[in-house]
Each structure stands twice: as structure tokens, then as C-alpha cells.
Enquirer: 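One structure, as C-alpha cells, below. Some questions next.
Within every chain, numbering begins at 1; the chains are lettered A, B, ... in the order of the sequence lines, protein sequences first and strands thereafter.
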Amino acid sequence: MRIATYNVNGINARLPVLLKWLEETKPDVACLQELKAPDEKIPKQEIENAGYTAIWHGQKRWNGVAILAKNGLEIEETGRGLAGEPEDEQSRYIEAVINDTTIGCLYLPNGNPAPGPKLDYKMRWLQRLSKRAKELLDSDVAVVLTGDYNVIPTEKDVYKPERWFDDALFRPEVRKAFHELVAQGWTDAIRKLYPEETIYTFFDYFRNAYQRNAGLRIDHFLLSPHLTNKLKDGGVDNHVRGWEKTSDHAPVWIELEE
DNA sequence: ATGGCATTTAAAAAATGA
């Protein structure tokens, strides 16, 4: 089963790129983030025509997450949003069971400017996610938690670490919270496949970042223990970042043994 | 150290992103 994650940065602005990528790579499951569209503006028909059924949690203007499953795969939604902050209206989490695997699709808050209320929200969100992650581990099922974590895990995952120490993507407390989450028993799939390589999933639109390979690794796959030995392959669809009218993120994918 | 670009809403300019 091929599972992909892709921060599309506006699903309508990105529709041609999204459809071309789906057609080219044909993932069984695609987790999308930053739809930037309310539920009624999700391009359902186009997604259907591409051969996918989808569930989504949209929001006007910002955020928004979706899970697409290839036709023939049953998709059963098991939750949207994270517990712990009832007044939180940002659409950043959706979860479903597909093929006996629980898939959590997340868009973690950016947190900048930091310090400040946005970083505080990010830290709280990380704690809420960790709580859900622990529940899933304790439930003893196969789980993939994937999406845009907005966390650079180590210095290896950023082109110029010294420029990012104060940034909400790389601050010590953010990295610490991420590492504590992983330490519950999760596996960072891409890092497991490529222990030493430089791998980036985001390149900002400024200063030819993509052409200079000045990127960040912030889109991750965390696997529960059931899946660590089923991880066959994975990678970044780097070339998609080079397409016209493309997102600033590149899609990332893994292949799990059935 | 700063600003560079892109998207959304909504009709210009602000907010957000990472």
C-alpha cells in the first residue's frame, strides 16, 4: 500500500498539479493539507473523476485537511479535530481507517512569530496530538500519522541550521516535543529508510530555494510498531516541486507491505 | 538583517505561511 502526504497550499489553486501528481504516482492513500477551502469548495467531482473517494475537514481561507483513498478501498472516518481544546476551530486533523490501518492526517501549526501566542498554540497542539498518538499506540492497531508537522527534527533536516534556531520550526522546545512524541514508540519512516541522506520536503518560494536545494524536512511519516517491519520503500516526489504553479511543499510517500 | 513569493478573500490590502 502506497501512502502519500502532500501539503498542497490551496487545493483549488493547485488542482492541475494535484491531479497530474495523482495520475503519475497513483498512491492508494493521499493525505492532503492546507486545502485553504471550505467544505463546499472542495473539488469533489475532479477528485472522484481521478479515481478517489475523499473525506475532508475544510475551513474558509486557511488550514484544511483531507484523506483520499483509491476507488476500491473502503475509508471509514474515525475522527476529526483533536480533543483538549473545544474552542479550537482550526481544521488540522482528520483520521480514518483504510485497509485495517489507522491513518491520521495532520497539519501542525506553524508557530511563528515566536515566541508568542502562535508558538503557545503550536506547543499545546503538539501535546494534544501526543495524547491522541498515545491512545492509538495503546489501542494496539497499525497506525500511520502523517502530514505537515512544521517541525525540523534535527540539524540534518535544514540547509542552514544556524539561521533557524529561533524559528518556531526549529526551536529547542518544539524539537523536544516532537522527539518526545516519537519516543512513545513511533518510527520516522523517511529517516529510517535514509539514515544519513539530506532529504527536504519544503522549499520556500523565495530566492530560488528549490533550485539551490535550500530546503527543510518538515513533512513526516510516523509509523506504529506494527508497521516498522512492513516499511518497504519511500521517498520525496522532488520533481513535483519544480512544476508550474506548484506548492512550496513536495509530496512524500511510503510503501507498506500488505 | 531584511525581504523576497504565493494564496485567500474580496475588490485594495491584509493575513498567513515557513
Enquirer: Aromatic contact between A:Tyr200 and A:Tyr159, with the criterion being ring centroids under 6.0 Å apart: yes or no?
Expert: no
Enquirer: Can you check the distance between B:dA1 and B:dA13, where both ends of the measurement are the P atom (answer in whole Å)?
Expert: 31 Å
Enquirer: Along nucleotides 9-18 of chain B, 5' to 3', which nucleotides get a B, which get an S, and which get a -, given that the test is a protein heavy-atom distance under 4.0 Å?
Expert: SS-----SSB
Enquirer: What interatomic distance, in whole Å, is found between P of B:dT7 and the corresponding atom of B:dT2?
Expert: 26 Å
Enquirer: Measure centre to centre between the rings of A:Phe203 and A:His249, then say whether the value is under 6.0 Å.
Expert: no
Enquirer: Look at the aromatic rings of A:His220 and A:Phe178 and report parallel, tilted or perpendicular, splitting at 30° and 60°.
Expert: tilted
Enquirer: Does anything in residues 153-160 of chain A come within less than 4.0 Å of DNA chain B? Heavy atoms only, and list the residues if so.
Expert: none
Enquirer: Can a side chain N or O of A:Lys245 be found less than 4.0 Å away from OP1 or OP2 on B:dT7?
Expert: yes
Enquirer: Taking A:Asp120 first and then A:Arg124, would you say they form a salt bridge - that is, a charged N and a carboxylate O separated by under 4.0 Å?
Expert: no
Enquirer: Working to the nearest 0.5 Å, report the span between CG of A:Asn49 and CG of A:Leu22.
Expert: 12.0 Å
Enquirer: Hey, does the side chain of A:Arg14 come within less than 4.0 Å of B:dT7's phosphate (OP1/OP2), counting only N and O?
Expert: yes
Enquirer: Tell me the interatomic distance from A:Arg212, atom CZ, to B:dC5, atom P, rounded to whole angstroms.
Expert: 13 Å
Enquirer: Mind checking the P distance from B:dT8 to B:dA18? Whole angstroms is fine.
Expert: 14 Å
Enquirer: Measure the spacing between CD of A:Gln33 and CG of A:Asp219 and express it to the nearest 0.5 Å.
Expert: 6.5 Å
Enquirer: Strictly below 4.0 Å, N to O, side chains only: are A:Arg241 and A:Asp248 in salt-bridge contact?
Expert: no
Enquirer: When the P atoms of B:dA10 and B:dA14 are considered, how many whole Å apart are they?
Expert: 16 Å
Enquirer: Calculate the interatomic distance between A:Ile11 atom CD1 and B:dT8 atom C1'; express it in whole Å.
Expert: 15 Å
Enquirer: Decide whether A:Asn12 and A:Lys41 meet the rule of one side-chain donor and one side-chain acceptor closer than 3.5 Å.
Expert: no
Enquirer: Can a salt bridge be assigned to the pair A:Glu196 and A:Lys156 using a cut-off of 4.0 Å between side-chain N and carboxylate O?
Expert: yes
